[in-house]
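Here is the structure we will look at.
What you see is a predicted model; the values in this text were computed from it and never measured. Below, chains carry the letters A, B, ... as their sequence lines are ordered, and counting in each starts from 1.
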Amino acid sequence: MTKELPKAYDFKATESRIYAMWEAGGYFQPWNDPNKPGFDPSIKPFVISIPPPNVTGELHLGHAMFVSVEDLMIRYHRMKGIPTLWVPGTDHAGIATQLMVERDLLKNEEVTREELGREEFIKRTWEWKRKYGSIITNQIRRLGASCDWTRERFTLDEGLSRAVREAFVRLYEKGLIYRGPRLINWSPGLKTAVSDLEVEYEEEDATLYYFKYKLKDSDEYIPVATIRPETILGDTAVAVHPEDERYKKFIGRTAIVPILGREIPVIADEYVSMEFGTGALKITPGHDPNDYAIAQRHGLPIISMLDAEAKVNENGGKYKGQDRFEARKNLWADMKAAGLVIKEEPYRTTIPRSQRGGEIVEPMISTQWFVKIEPLAKAAIEAVKDGRIRIVPERFEKVYFNWMENIKDWCISRQLWWGHRIPVWYCPEGHMTVAREDPTECSTCGSKDIHQDEDVLDTWFSSGLWPFSTLGWPEETPDYKYFYPTSYMETGYDILFFWVARMIMSGLEYTGQVPFHTVYLHGLVRDEHGQKMSKTKGNVIDPLIVMDEFGTDALRFTLLVGSTPGNDMNLSVKKVEANRNFANKLWNAGRFVISAVGTLGDGQWGMGDQSAKPPAYTLADSWIWARLQGLIRDVERQFQNFQYGQAGQQIYDFLWSDFADWYVEIAKEQLRNAETRLQTAETLARVFDICLRLLHPFTPFVTEELWGHLRSALLDSPLSHLAKDWGEALIVARFPEPREPEGWEEAKIADFELIQEIVRSIRNLRAEKNVAPARKIAATISAGNKLDLLESQKAVIASLAGLDQSQLSILQSLNEKPADSAILVVGAVEIYLPLAGMVDPAEERARLEKELKETEAHIARLEKLLASDFAVKAPPPVVQKERDKLAAYKETAGKIKAQLA
RNA sequence: GGGCGCUUAGCUCAGUUGGUUAGAGCGUCUCUCUUACACAGAGAAGGUCAGGGGUUCGAGUCCCUUAGCGCCCACCA
């Protein structure tokens, strides 16, 4: 006897215990490990690198989503018997972490990072990381992530830092990294350069300022419009279109910069649009990318007029020291006073804002480090084009190509402290020493007076190396040799460019191989109405709270089922609740199966007669088995096609509808019968076992728990042979293998479906007539050629339809119709339910007539169909199916007509 | 300005080689605390699959087109 399991699944008592069991049991580590004895290099592993969450992060639904999907992929492959490795780790997240520590310092110690100094600040940040870095990884554990924590990495740890240096130096030596002054995106709040990707363009209300650009020695002027008047201070030309009749005459003349009085040329450039604005353009090469390009073409000087905090610098005359917006106001007022203003008008335009701080990004000239990206991009495009990398869903390949083909050089230096410091040293002579190991002298002149570049690298530079740096690269470690390249890269489509594209480029460049062969992109999780979750909107769903309330399995199942690759999903707590109910349903189905197995050997049912010939399986036994085989085939196909949601949905439906609603109900009856008891318990156990295996990648906790109970129940029972080879934990049990359908399956399914229809039609009528569910009623069935089938299923029909079996007679045909009966027709089967006092002949007639009408409509439709080209052009099996349907309808119609006659 | 996605039951969504009565969950209505489960069971109502056109024997599914919504990319002051 197994001990009684609680009526409701208690996930709280289960999850942490199960997870600890897995982790302690070493199940998360690949069974074929190149660092251990007995390693076989010929077995191909399945590998995923985790998208490393920010080390300072707190769990959100994005994490829950990727963990759910990746853990499903990993568990599925592990259960297929493949050596499986999921490498976990965290990202140092330069800007995010630095900001967080700075804020903390300011709050708690009222000290800025500058006051603290670089060295001390970094020390503090490491302390912070040590203190809080495990929060996120523990939260990921809570989601059930079966990653190999013995291989956990951090982007700033020693090995990865070595990888970053190696990568930098190699690129530099190849001439693919260069340093120089360029127009970059400057974030004045963060006081650092950011890459193009880190700038977000939002359409906002702005003002378009029109003013006069006076010409030298003349009263004439060129009208010019701008959104940022303060940049007038950095103007080095006024440009017009060469064919513009209005301004042609001014080309080559000199204009006077308002207030400053500087003299600048009027130039002609075809970039200028005659239709837009005033048709004349002020050129500020130091603070605008287009102007910068024009200045390059015309050899114009470039003036920077803002400092690192976006305050006007010495080039701005009397506005020096003013903030850019302050200067805008003041300059404009002065120009107004000077009579240079034409007008202002409201204008909608896109404003560049920092992805991180949110403040307006300023284009500025600055000396930074860049990666020459084109050769890298070319190889990365090729890898997807020739199929070495497949992107799922496929439409993102187009997005990928579009971005890669228009990619610009990547600004990789950041004026931050928290990150990988650029491995370049300068001597007083200005020589650069680029080295893998910290040098002690200048490699050119030997000077000992060298200092390292102050900047750190963009965080994405190190995450771009993640799939191989975590495995030991640049060392040819056993892990690297065996597990690289990895298999799937699973992540959100929102970081396709930031991360995926860069991993592909760097993987190809440094390792000469694609870092993974499949990219699977999931969508974003939104709230139940499709709104982006945000703290300000207050619609954030916290996965931790959801897990507390409904359990991890419920959350995982919700995220996996009902969403489609690459599509955003709307999540509501209601859905999670529904899936908590599913976990509970599974639990209780399990309790039933376990108790059925557990009571086998106790003699209560007079069992133990091993000499008796094992009886044939019942129709229900065969049916559920056949349905299960179909399910296994479907699930396998869907896993191959990345249709995890579909697969989960189908398992859900099978479990709830086929297994629980039908088979379990029938099993209750079969368990009461000594002849069918053993086989029923066996079928219950075998089917349920397979369900648990199929479901385990989706809902690992409840399945593992139940499987353990089922296993021990079986081992204590006459069915112990079933569990003999099960092993100790479901996590490493074999995933069901699909089999070719056997010949008998289809017929058994059809037979059972007839029984289902009969039962359903009786239930339906009972409900219609308000027959109390507990009331057993009599019935007479005219079975025609289904006599044998129905006779064999008599007990099933009786118990499921609430009939009194002793008053249920099944005959081939009736000589006389029972009086006072409701009549149901299912194909060729007629069912008479003597419901004295409840049957109104007129009502009955009306019901039958309605049914006849419906049936005849079907017949007409099918006859028409079969008379059309369909019969000749459609594939024969499809046509045959319709013919069979028609025959069934005709039979029904015939029976009803006879009743009505 | 390009590109992509979405539009299916009151709500949120599935529906991948096109197969003929379109599914689920939640919600609604009626019964039932039946010895796995009321986090449940039985039954029911509810959709011209955004509009239009086309291909096909057959279209929610493929093609074209229109509209609405959303997203990504892009240097028009």
Problem set entry | Given B/rU16, B/rC37, B/rA24, the nucleotide with the shortest approach to the side chain of A/Glu665 | B/rC37
Under 3.5 Å, N/O pairs linking protein and nucleotides 28-35 of chain B:
none

Problem set entry | B/rC4 base / A/Arg395 side chain donor-acceptor hit below 3.5 Å | no
Exercise. Just how far, in rounded Å, is C1' of B/rG18 from NZ of A/Lys873?
Worked result: 16 Å
Extract from the structure each pairing of a protein N or O with an N or O of nucleotides 69-73 of chain B at less than 3.5 Å, listing the distance.
none

Seminar exercise, completed: The residue, A/Val272 or A/Ala8, whose nearest nucleotide of RNA chain B is more 5′ is A/Ala8
For this session: Would you tell me if any nitrogen or oxygen in the side chain of A/Thr564 comes within less than 4.0 Å of OP1 or OP2 on B/rA14?
Result: yes
Exercise. Counting side-chain heavy atoms from CB outward, which of B/rC39, B/rA36, B/rG25 is closest to A/Ala578?
Worked result: B/rG25
Seminar exercise, completed: To the nearest angstrom, the OH-P distance between A/Tyr652 and B/rG15 comes to 17 Å
Problem set entry | Proximal nucleotide (of B/rU16, B/rA42, B/rA36) relative to the A/Lys585 side chain | B/rA36
Problem set entry | Whole-Å distance separating the CZ atom of A/Phe642 from the C1' atom of B/rA14 | 19 Å
Exercise. With rounding to whole Å, what would you report as the distance between B/rG54 and B/rG18 at their C1' atoms?
Worked result: 15 Å
Problem set entry | From B/rC37, B/rA74, B/rC57, nucleotide with atom closest to A/Thr350 side chain | B/rA74
Seminar exercise, completed: Under the rule of Watson-Crick or G-U wobble with both distances under 3.5 Å, where | means paired to another strand and [ ] a crossing pair, RNA chain B maps to (((((((..((((.....[...)))).(((((.......))))).....(((((..]....))))))))))))....
Exercise. Can a side chain N or O of A/Lys7 be found less than 4.0 Å away from OP1 or OP2 on B/rC37?
Worked result: yes
Problem set entry | Nucleotide nearest A/Asn567 (side chain, heavy atoms from C-beta), chosen from B/rG19, B/rG5, B/rA77 | B/rG5
